[in-house]
Trainee: 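The following block contains the structure, expressed as structure tokens.
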Protein chains: 4
Amino acid sequence: MATKDIAASRAAKGRAPHRRNEDARLAILGAADELLIERGFGGVTVEGIAARAGVSKQTIYRWWPSKIDILLDTLVEEADRRLKIPEDGAVVDAVRGYLRALARFLAKDDAGEILLALLGEAQHDAETAALFHERYLDPRRARERALLKRGIAEGELPAGLNPDTTLDALIGPIVYRALTGTKVSRPFVDALVDRVLEPTG
Amino acid sequence: MATKDIAASRAAKGRAPHRRNEDARLAILGAADELLIERGFGGVTVEGIAARAGVSKQTIYRWWPSKIDILLDTLVEEADRRLKIPEDGAVVDAVRGYLRALARFLAKDDAGEILLALLGEAQHDAETAALFHERYLDPRRARERALLKRGIAEGELPAGLNPDTTLDALIGPIVYRALTGTKVSRPFVDALVDRVLEPTG
Amino acid sequence: MATKDIAASRAAKGRAPHRRNEDARLAILGAADELLIERGFGGVTVEGIAARAGVSKQTIYRWWPSKIDILLDTLVEEADRRLKIPEDGAVVDAVRGYLRALARFLAKDDAGEILLALLGEAQHDAETAALFHERYLDPRRARERALLKRGIAEGELPAGLNPDTTLDALIGPIVYRALTGTKVSRPFVDALVDRVLEPTG
Amino acid sequence: MATKDIAASRAAKGRAPHRRNEDARLAILGAADELLIERGFGGVTVEGIAARAGVSKQTIYRWWPSKIDILLDTLVEEADRRLKIPEDGAVVDAVRGYLRALARFLAKDDAGEILLALLGEAQHDAETAALFHERYLDPRRARERALLKRGIAEGELPAGLNPDTTLDALIGPIVYRALTGTKVSRPFVDALVDRVLEPTG
DNA sequence: TTTTAATCGAGACGGTACGTCTCGTCTTAAA
DNA sequence: TTTAAGACGAGACGTACCGTCTCGATTAAAA
């Protein structure tokens with residue numbers, strides 16, 4: 001979120017003394033994303049991003065500690081925009097809709113590819129794991145948890161239901177299928193919701 | 001294709017004239033595993049394996065196309081030995097036992113660490129993904145599927161149950177928790193089995 | 001000659017934008033030379049030069065296509081400095097002095113060792129032979145030839161004397177002795193000049 | 001081919017149980033020579049010789065300490081056969097004939113190529129230098145010296161003539177031209193003999 | 001209007017690991 | 001016992017990126 005803080009503080013003070021080049025920032029995020037899609041994670045190199053974005057390596061290192069952070073910037077922005085946690089309506093329906101959107105995000109969205117790549121990289125590198133939790137998994141989980149808690153509070157879900165257990169039981173299979181390259185069909189998602197959320201249905 | 005001739009003559013004559021050095025093989029598998037545990041996936045380099053195993057790089061490249069294959073060798077051997085698919089008894093109990101063993105394998109076994117690392121690397125590299133399916137995921141899934149099919153055939157599980165959907169719903173949450181560094185407790189596993197396998201309970 | 005072009009353009013523009021590190025250059029030339037003297041041509045490896053010069057291999061490959069070019073750089077610089085072709089005075093005396101200097105250069109100077117090593121390597125490798133001609137033998141021969149031509153023009157040497165034949169007859173024995181590890185004494189050089197250059201004496 | 005020939009001749013002779021195989025020896029010498037001509041010194045590898053001669057590497061290492069010794073074997077045999085030191089007749093004529101033969105040997109004979117390659121390698125490696133002297137240069141020089149000494153003894157050459165100086169003055173230019181890829185014409189050789197051996201002509 | 005300070009592109013640098021190559025030694029089984 | 005076959009430890013090759021660093025040049029605020 002360093003990026004945003006900088007932008008914010010700049011805006012707050014009403015001036016941009018030695019201002020960051022927004023064009024360069026977007027070119028870098030875009031180049032990293034494109035390289036990931038075109039060549040896979042191994043093809044995402046700082047050297048390659050710099051070349052494609054028409055930017056010097058130093059400009060990248062000035063603003064991001066590593067290429068992981070670049071990908072995380074895109075993931076967070078895109079997931080916030082395209083994978084919203086619903087806030088109104090019946091909770092079970094909201095969850096079903098959210099999980100369908102998650103399946104679509106993982107299968108069809110470039111940022112979904114980033115999510116899988118970062119989850120993969122987190123297995124190799126503790127620092128990536130920490131950042132990934134801090135900037136993506138944990139904030140999102142907080143909002144997902146709030147949704148389920150509302151369902152419990154409103155009596156739509158059983159009082160004894162453990163939100164995190166439930167969320168992992170719902171999200172886990174979808175992500176696992178994405179990780180193993182298996183199609184995540186709508187019936188698969190729906191059956192999951194039926195079994196996990198409505199066991200006495 | 002001298003190689004094939006050799007293999008052929010070996011098979012034909014039932015002997016192995018220029019036999020592979022088993023000590024070196026074990027030293028290499030062991031070194032790769034140790035490096036993964038000690039330094040993470042990034043610390044597993046062919047150079048490092050060679051140094052630790054007291055072996056030349058050429059000996060590694062002679063027998064394994066890549067370091068992925070080295071890790072897969074260990075994973076397959078260890079999983080076959082320590083993560084057996086049960087073949088007798090009540091199917092639901094067998095599945096529960098298998099999933100508990102899986103949780104333990106992922107949390108405590110060096111080979112479990114390999115499994116997570118390879119699943120991670122599969123997100124970065126299509127060739128790894130293919131190898132991982134071919135040598136680990138697919139053969140194992142075949143045996144897991146057979147277990148559930150027996151449950152259906154014997155009437156213990158509902159006739160309409162889809163084995164692959166069910167298996168992903170069971171394994172997915174456990175693996176997802178392991179991937180995100182969350183503890184996989186025994187109650188978590190048991191609750192999963194209860195909800196997914198006995199929804200009408 | 002890339003080296004010289006760079007230096008030239010730098011001088012021309014009066015600045016050095018992404019300037020080559022002169023310290024590194026000298027360390028590399030020195031390390032190559034030292035290794036040749038200490039361990040022979042086989043001991044001159046890019047890896048070894050890099051280690052001794054405290055430089056990365058990439059820095060070497062950035063500026064020199066091969067280790068031959070490194071040795072040639074030193075040879076050309078040192079020969080230009082310490083094995084000058086005389087430009088004034090009586091030609092026969094000048095030649096005698098030059099050949100004595102050549103004998104000394106081959107026997108006592110580190111760069112003389114390089115000359116012999118490159119002449120040796122030229123027997124193994126056509127590219128080395130071409131480079132050796134282009135950067136050392138041919139330019140030097142041009143200046144040697146000019147010296148003899150002056151002698152002919154000024155009447156000090158017979159009009160019918162063929163400069164290249166004469167030069168090979170003078171230089172050949174000295175180089176041959178150096179190549180075969182035979183001492184090249186001053187009387188040997190003087191006798192050579194007497195017989196070859198003053199046959200009617 | 002070579003392999004089969006060996007097998008065939010062995011079969012023909014019945015067998016050659018525990019003695020050195022002359023066919024293999026010739027195949028090895030021939031293969032080394034061919035590789036030198038076809039691919040240059042760098043292309044002469046023990047691995048390559050073994051493959052071409054249809055022989056195992058071990059067989060080569062059993063009989064020759066290095067590939068240098070293989071080439072020396074060929075050089076010595078061929079030079080003895082095709083570059084004889086004349087033993088009768090007028091000494092000056094004999095020397096002239098010998099030097100013409102030397103020029104031809106260096107330019108046209110495969111073994112001449114070996115001579116230049118070994119002289120080159122002697123610049124890189126002291127052991128090669130020692131072997132080259134011991135097996136080729138020194139014995140030959142002894143016979144060349146004897147020829148000149150006969151000329152002095154018989155009064156055909158001046159009493160004060162130093163044989164080694166003279167020989168280096170004669171052979172040096174021819175070898176130097178060969179080493180630098182310059183044509184060694186018959187007039188060049190003749191002029192050399194005239195100037196060096198008959199200075200008062 | 002001039003500083004002045006942080007940006008930017010370019011790219012050299014010391015490193016590490018890659019995957020390939022050839023070396024010379026060692027091991028096996030057949031002839 | 002010698003052979004062909006070939007596995008082995010060793011180590012150099014030339015390449016790709018890493019992350020750091022120094023240049024000029026640009027540019028916009030502050031002086």
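This one's a predicted model, so the numbers in the text were calculated from it and none came from an experiment. Heavy atoms only: backbone and side chains are in, while hydrogens, waters and symmetry mates are out. Lettering of chains follows the sequences in order, A, B, ..., and the numbering in each one begins at 1.
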Trainee: In the structure I gave you, are the side-chain heavy atoms of Tyr136(D) and Leu115(D) within less than 4.5 Å of one another anywhere?
Mentor: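 Touching, per the 4.5 Å side-chain cut-off.
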Trainee: Round to a whole Å and report the spacing from CD1 of Ile60(D) to C1' of dT22(E).
Mentor: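 Whole-Å distance recorded here is 13 Å.
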Trainee: Look at the side-chain N and O atoms of Ser56(D) and state whether any lies under 4.0 Å from the OP1 or OP2 oxygen of dA4(F).
Mentor: yes
Trainee: Any side-chain heavy atom of Phe132(A) within less than 4.5 Å of one from Leu75(A)?
Mentor: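 Yes, side chains in contact.
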Trainee: Which value, rounded to the nearest 0.5 Å, describes the distance between Asp33(C) atom CG and Asp110(C) atom CG?
Mentor: 5.0 Å
Trainee: Distance-only criterion, 3.5 Å: show the donor-acceptor pairs between side-chain atoms of residues 36-51 of chain B and protein atoms not counting sequence neighbours.
Mentor:
residue  : atom : partner  : partner atom : Å
Glu38(B) : OE1  : Arg52(B) : NH2          : 3.0
Glu38(B) : OE2  : Arg52(B) : NH1          : 2.9
Thr45(B) : OG1  : Gly48(B) : N            : 2.8
Glu47(B) : OE1  : Lys57(B) : NZ           : 2.7

Trainee: Expressed as a whole number of angstroms, how long is the span from Ile49(D):CD1 to dG24(E):P?
Mentor: 10 Å
Trainee: My understanding is that only residues two or more places apart in sequence, or in another chain, count here; which of them pass side-chain hydrogen bond (donor to acceptor under 3.5 Å, both in side chains) with Asp125(D)?
Mentor: Thr128(D)
Trainee: Can you tell me how far CD1 of Ile68(C) sits from CZ of Arg135(C), rounded to the nearest 0.5 angstrom?
Mentor: 11.5 Å
Trainee: Look up atom CG in Asp73(C) and atom CG in Leu29(C), then write down how far apart they are to the nearest 0.5 Å.
Mentor: 5.5 Å
Trainee: Counting only side-chain heavy atoms from C-beta out, which of dG9(E), dG9(F), dC13(E) sits nearest to Arg62(C)?
Mentor: dC13(E)
Trainee: Can you measure Phe41(B) atom CZ to dC18(E) atom P for me and round it to whole angstrom units?
Mentor: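 Rounding to the nearest Å, CZ of Phe41(B) and P of dC18(E) are 10 Å apart.
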Trainee: Under 4.0 Å from OP1 or OP2 of dC8(F): is there any side-chain N or O of Trp63(B) that close?
Mentor: yes
Trainee: Just by protein heavy atoms under 4.0 Å, how would nucleotides 14-19 of chain F read 5' to 3' in B, S and -?
Mentor: BBBBBB
Trainee: Can you list the residues that meet the side-chain contact (heavy atoms from CB on, under 4.5 Å) rule with Asp69(A), with sequence neighbours excluded?
Mentor: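 Checked Asp69(A) against side-chain contact (heavy atoms from CB on, under 4.5 Å); matches are Trp64(A), Pro65(A), Ser66(A), Leu131(A).
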Trainee: Stem ranges for DNA chain E, with three or more consecutive Watson-Crick or G-U pairs under 3.5 Å?
Mentor: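 E:1-31 with F:1-31 - these are the stems of 3 or more pairs that involve DNA chain E.
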Trainee: Could you measure the distance from the CD atom of Gln123(A) to the CD atom of Glu121(B)? Nearest 0.5 Å is fine.
Mentor: 11.0 Å
Trainee: In residues 120-127 of chain C, what residues come within less than 4.0 Å of DNA chain F, judged by heavy atoms?
Mentor: none
Trainee: Under the side-chain hydrogen bond (donor to acceptor under 3.5 Å, both in side chains) rule, collect the residues that match up with Glu77(B), sequence neighbours excluded.
Mentor: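 Result, side-chain hydrogen bond (donor to acceptor under 3.5 Å, both in side chains) vs Glu77(B): Arg25(B).
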Trainee: What's the CZ-C1' distance between Arg20(C) and dC13(E), to the nearest Å?
Mentor: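 For the pair Arg20(C) CZ and dC13(E) C1', the rounded distance is 13 Å.
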Trainee: Among dC13(E), dG9(E), dC8(F), find the nucleotide with the atom closest to the side chain of Asn21(C).
Mentor: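 The answer is dC13(E), which lies nearest to the side chain.
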Trainee: Name every residue in residues 23-37 of chain B that has at least one heavy atom under 4.0 Å from any atom of DNA chain F, in order of residue number, or write none if there are no such residues.
Mentor: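 Here the set is empty: none.
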Trainee: In whole Å, what is the span from the CD atom of Glu22(B) to the C1' atom of dA7(F)?
Mentor: 14 Å
Trainee: Test of understanding: with side-chain contact (heavy atoms from CB on, under 4.5 Å), list the residues that count as partners of Ala129(C), not counting sequence neighbours.
Mentor: Ala122(C)
Trainee: Taking only residues two or more places apart in sequence or in another chain, which ones pass side-chain contact (heavy atoms from CB on, under 4.5 Å) with Gln58(A)?
Mentor: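 side-chain contact (heavy atoms from CB on, under 4.5 Å) list for Gln58(A), sorted by chain: Ser56(A), Arg62(A).
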Trainee: Considering just the side-chain nitrogens and oxygens of Thr59(A), establish if one lies under 4.0 Å of OP1 or OP2 belonging to dG9(E).
Mentor: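 Yes, within the criterion.
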Trainee: Under the rule for side-chain hydrogen bond (donor to acceptor under 3.5 Å, both in side chains), what residues qualify as partners of Glu127(C), not counting sequence neighbours?
Mentor: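 Not a single residue meets the side-chain hydrogen bond (donor to acceptor under 3.5 Å, both in side chains) criterion with Glu127(C).
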Trainee: Taking His124(B) for its side chain and Gly120(A) for its backbone only, find out whether a donor-acceptor pair lies under 3.5 Å.
Mentor: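 No, the answer is negative, given that no donor and acceptor are paired below the 3.5 Å cut-off.
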